[in-house]
Novice: 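Just dropping this structure here.
Hydrogens, waters and symmetry mates play no part in the numbers below; they use all other heavy atoms, side chains included. Both counts, for ligands and for their atoms, begin at 1 and track the order of listing. As the structure is a computational prediction, the values presented were derived from the model and not from experiment.
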Amino acid sequence: MQVGIPREYAPRERRIAAVPSSIKAYVEWDWEVLVEHDAGAGAGFPDAELTDAGARIVPDTAAAHNADLVLRVGPPTIAEVNLIPEGGNLIAFLDPYVDLDLIGALADRCINAVAVEAIPRTSLAQAMDALSSQANVAGYAAVLLAADASPQLIPMLVTAAGTIPPSRALVLGVGVAGLQAIATARRLGAIVHAYDIRPETKEQVESLGAKFVEAPTLEMDEGGYAKEVDAETARKQQEILASYVADADLVITTAQIPGRPAPRLVTTDMVAGMHAGAVVVDMAASSGGNVEGTRPDEVVEVGGVSIIGPTDLPSRVPTDASRMYARNLQEIANRMRLDDGGAVVDLDDEVVGPATITHDGKVVHPRTREVMGLEKIEEETT
Ligand code: NAD
């Protein structure tokens, strides 16, 4: 049984899908680990450290993809899909409801592909939840990015040269990333306000020492996610948020609705009400942005306000993002492990099954099938 760890070639990607601790686990399971040379360099894991853990360094990406199980961070390109043996297994972020050409290519090559985005968010699967582990790191990185771009100090300083007031931070969207953003901003000494459409977040916000902004809330859907709000609710949200946005030195927005464009929480008028030097970090930039005028991976200056739309936040803390992601993958791989030393993508497994997108040459994930315009697969009755 061979596990392949290719280097990630996507722009700004610095993470790696295996680290010494997960490599050691695979070796203990009698799996051979093939790592493309320099795959860990960007994350602070040089080849020597990975070989010490038991990996074998291979010279190119073809050799790292030529394995029974390929572990990646980002999705493979179509050319990389064709390097994975037919019938092989893959675990990675696959953007499975959007990148349909990739999903088609994986099915055509009979690759059993597990998308970490589709791992169920249940207590059983917590250790495998890569969306959460990476959102956690991203929330932290967003606050540091905002602090770095801000011309102000974050904490209150009482000095002989005068008293500096603390910065005021506003966090919009209090999921995993938002909670970490609040905690990080509080640790830096900011006064923090936060808001989410889900009412149960009020208590979480307050337990972190931040104040909850009393704008409209809505019960979540049956999956535990926020629902899209109607135009009237969105208008009310913006009306109440406007004065908090105007007062803020740092705004971090994280609001997302799975499979939908990000909700627009901050309008151009609201940005116009901010003071020069204020900084906005829009973590939803890749799904359309919470802030009007955001552009992915750019800094847009509007009247002295910087609007930053980073899409690579976990990669800005690549060592720990990789450690956490590698642990998520190790836990998933452990569920796939067979007694005879191999591994299988089992559609009946309650964690791996729902996250499997393609299997035995077919697209099997119901939501991916729906967006591809394919018929529903009938449940087998035995
Ligand atoms: P997400 O990235 O999908 O969204 C971020 C936040 O944006 C959410 O809190 C959402 O409520 C909020 N939001 C959406 N529309 C909004 C609007 N119009 N205005 C304000 N806020 C808005 O969220 P996530 O971090 O992936 O978490 C989603 C849910 O899953 C949460 O309920 C979280 O607690 C839950 N979760 C459960 C587990 C588990 O049980 N293992 C693990 C992780 C997350």
Side-chain angles (χ1 to χ4, degrees), residues 93 95 97-98 115-142 170-183 193-205 207-208 210 212-242 244-245 251-267 270 281-292 310-311 313-314 324-325 327-328 331-332 350-351 354-355 367:
F93 278 98
D95 209 359
Y97 319 124
V98 176
V116 290
E117 298 96 321
I119 293 283
R121 300 186 94 175
T122 55
S123 333
L124 175 68
Q126 249 171 6
M128 300 164 229
D129 185 349
L131 274 182
S132 288
S133 73
Q134 303 306 289
N136 213 326
V137 176
Y140 165 89
L170 176 66
V171 176
L172 300 179
V174 187
V176 179
L179 285 171
Q180 187 54 255
I182 295 171
H193 283 83
Y195 165 68
D196 195 287
I197 191 82
R198 292 181 293 119
E200 67 272 23
T201 57
K202 180 176 183 332
E203 204 183 308
Q204 299 164 0
V205 165
S207 74
L208 289 170
F212 191 73
V213 175
E214 302 287 350
T217 54
L218 279 180
E219 292 305 326
M220 53 198 180
D221 68 11
E222 56 290 345
Y225 285 104
K227 289 184 278 204
E228 209 164 11
V229 302
D230 56 51
E232 179 54 18
T233 310
R235 194 193 54 74
K236 275 196 202 136
Q237 280 183 321
Q238 290 170 358
E239 199 177 285
I240 295 170
L241 290 176
Y244 290 90
V245 171
V251 177
I252 313 287
T253 69
T254 79
Q256 301 267 11
I257 300 161
R260 310 282 314 148
R264 180 57 45 82
L265 298 175
V266 180
T267 61
M270 288 156 85
V281 174
D282 186 347
M283 290 183 59
S286 57
S287 49
N290 296 138
V291 182
E292 206 169 352
T311 63
L313 287 168
M324 294 163 84
Y325 183 67
R327 180 58 187 264
N328 297 143
E331 297 288 339
I332 299 170
E350 64 186 294
V351 176
R367 186 151 156 222

Novice: Using heavy-atom distances, let me know which of Gln126, Arg260, Gln256 sits nearest atom 4 (O) of ligand 1.
Specialist: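 Nearest heavy atom to atom 4 (O) of ligand 1 lies in Gln256.
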Novice: Does any non-hydrogen side-chain atom of Val176 lie less than 4.5 Å from one of Arg121?
Specialist: yes
Novice: Any Lys/Arg nitrogen of Glu232 or Arg235 sitting under 4.0 Å from an Asp/Glu carboxylate oxygen of the other?
Specialist: yes
Novice: Show your working on side-chain hydrogen bond (donor to acceptor under 3.5 Å, both in side chains) between Gln256 and Ser287 and close with a plain yes or no.
Specialist: CA-CA 8 Å; Gln256 301 267 11; Ser287 49; 2.7 Å; yes
Novice: Can you find an N/O atom of Asp196 closer than 3.5 Å to an N/O atom of ligand 1?
Specialist: yes
Novice: In ligand 1, which numbered atoms sit nearer than 4.0 Å to a non-hydrogen atom of Pro263?
Specialist: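 What qualifies from ligand 1 is 15 (N), 16 (C), 17 (C), 18 (N).
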Novice: Distance-only, no hydrogens or angles: does the Thr267 side chain make a donor-acceptor pair with backbone N or O of Met270 under 3.5 Å?
Specialist: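 Yes; judged by distance alone, with no hydrogens or angles, the pair exists.
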Novice: Provide the closest heavy-atom pair for Asn328 versus Ala127 in the form atom of the first, atom of the second, distance.
Specialist: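 Looking at all heavy atoms of both residues, the shortest contact is ND2-O, 2.8 Å.
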Novice: Considering only the protein, which heavy-atom contact is closest to atom 29 (C) of ligand 1, and what is its distance?
Specialist: Gly224 O, 3.5 Å
Novice: Taking Gln237 for its side chain and Ile197 for its backbone only, find out whether a donor-acceptor pair lies under 3.5 Å.
Specialist: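 It does not hold such a pair.
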Novice: Just let me know how Ile257 lines up against ligand 1, side chain, backbone, both or neither, with a heavy-atom cut-off below 4.0 Å.
Specialist: side chain
Novice: Under 4.0 angstrom from atom 35 (C) of ligand 1, is there any protein heavy atom?
Specialist: no
Novice: So does Arg198 have more than 12 non-hydrogen atoms from other groups sitting under 6.0 Å from CZ?
Specialist: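 Result for CZ/Arg198: enclosed.
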Novice: Report yes if some N/O of Val229 lies less than 3.5 Å from some N/O of ligand 1; otherwise report no.
Specialist: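 By distance alone, the answer is no.
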Novice: Of the backbone atoms (N, CA, C, O) and the side-chain heavy atoms from C-beta on, which set of Ala255 has a member under 4.0 Å from an atom of ligand 1: side chain, backbone, both, or neither?
Specialist: both
Novice: Give the numbers and elements of all ligand 1 atoms closer than 4.0 Å to a heavy atom of Val174.
Specialist: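 Once the distances to Val174 are compared, the set is 9 (O).
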Novice: Give the ring-plane orientation class for Tyr244 versus His193, where under 30° counts as parallel, over 60° as perpendicular and anything between as tilted.
Specialist: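 Aromatic pair Tyr244/His193 classed tilted.
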Novice: Provide the closest heavy-atom pair for Thr201 versus Asp196 in the form atom of the first, atom of the second, distance.
Specialist: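 Smallest interatomic distance, heavy atoms only, reads OG1-CB, 3.3 Å.
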Novice: Among protein heavy atoms, which lies nearest atom 23 (O) of ligand 1, and at what distance?
Specialist: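 Of every protein heavy atom, Gly175 CA, 4.3 Å lies nearest to atom 23 (O) of ligand 1.
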Novice: By number and element, which atoms of ligand 1 are closer than 4.0 Å to a non-hydrogen atom of Tyr195?
Specialist: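 Under 4.0 Å from Tyr195, ligand 1 has these atoms: 19 (N), 20 (C).
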Novice: Please write down residue, atom name and distance for the protein heavy atom closest to atom 5 (C) of ligand 1.
Specialist: Thr254 O, 3.3 Å
Novice: Measuring from Leu131:CG to Asn136:CG, what's the distance to the nearest 0.5 Å?
Specialist: 12.0 Å
Novice: Answer yes if the side chains of Asp230 and Thr233 hold a donor-acceptor pair under 3.5 Å, and no otherwise.
Specialist: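 Short answer, yes.
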Novice: With respect to Leu265, determine whether any N or O atom, backbone or side chain, lies less than 3.5 Å from an N or O atom of ligand 1.
Specialist: no
Novice: Taking only heavy atoms of Ser132, which atoms of ligand 1 are found under 4.0 Å from at least one of them?
Specialist: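 By the 4.0 Å cutoff, the relevant atoms are 42 (C), 43 (C).
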Novice: If we ignore hydrogens and angles and just use 3.5 Å, is the side chain of Thr254 paired with the main-chain N or O of Gly173 as donor and acceptor?
Specialist: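 Answer holds: yes.
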Novice: Show which atoms of ligand 1 fall inside a sub-4.0 Å distance from at least one heavy-atom site of Gln237.
Specialist: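 What qualifies from ligand 1 is 17 (C), 18 (N), 19 (N).
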Novice: Give the atoms of ligand 1, by number and element, whose distance to some non-hydrogen atom of Asp129 is under 4.0 Å.
Specialist: 42 (C), 43 (C)
Novice: Ignoring hydrogens, just give me the one of Met283, Arg121, Gln180 whose non-hydrogen atom is nearest atom 27 (O) of ligand 1.
Specialist: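 Checking each option, the heavy atom nearest atom 27 (O) of ligand 1 is found in Arg121.
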Novice: Check each atom of ligand 1 against the heavy atoms of Val176 and keep those under 4.0 Å away; list them by number with element.
Specialist: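 Taking each heavy atom of Val176 in turn, ligand 1 has 25 (O), 43 (C), 44 (C) under 4.0 Å.
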Novice: Who gets closest to atom 22 (C) of ligand 1 by heavy atom: Thr201, Thr122, Ile197?
Specialist: Ile197
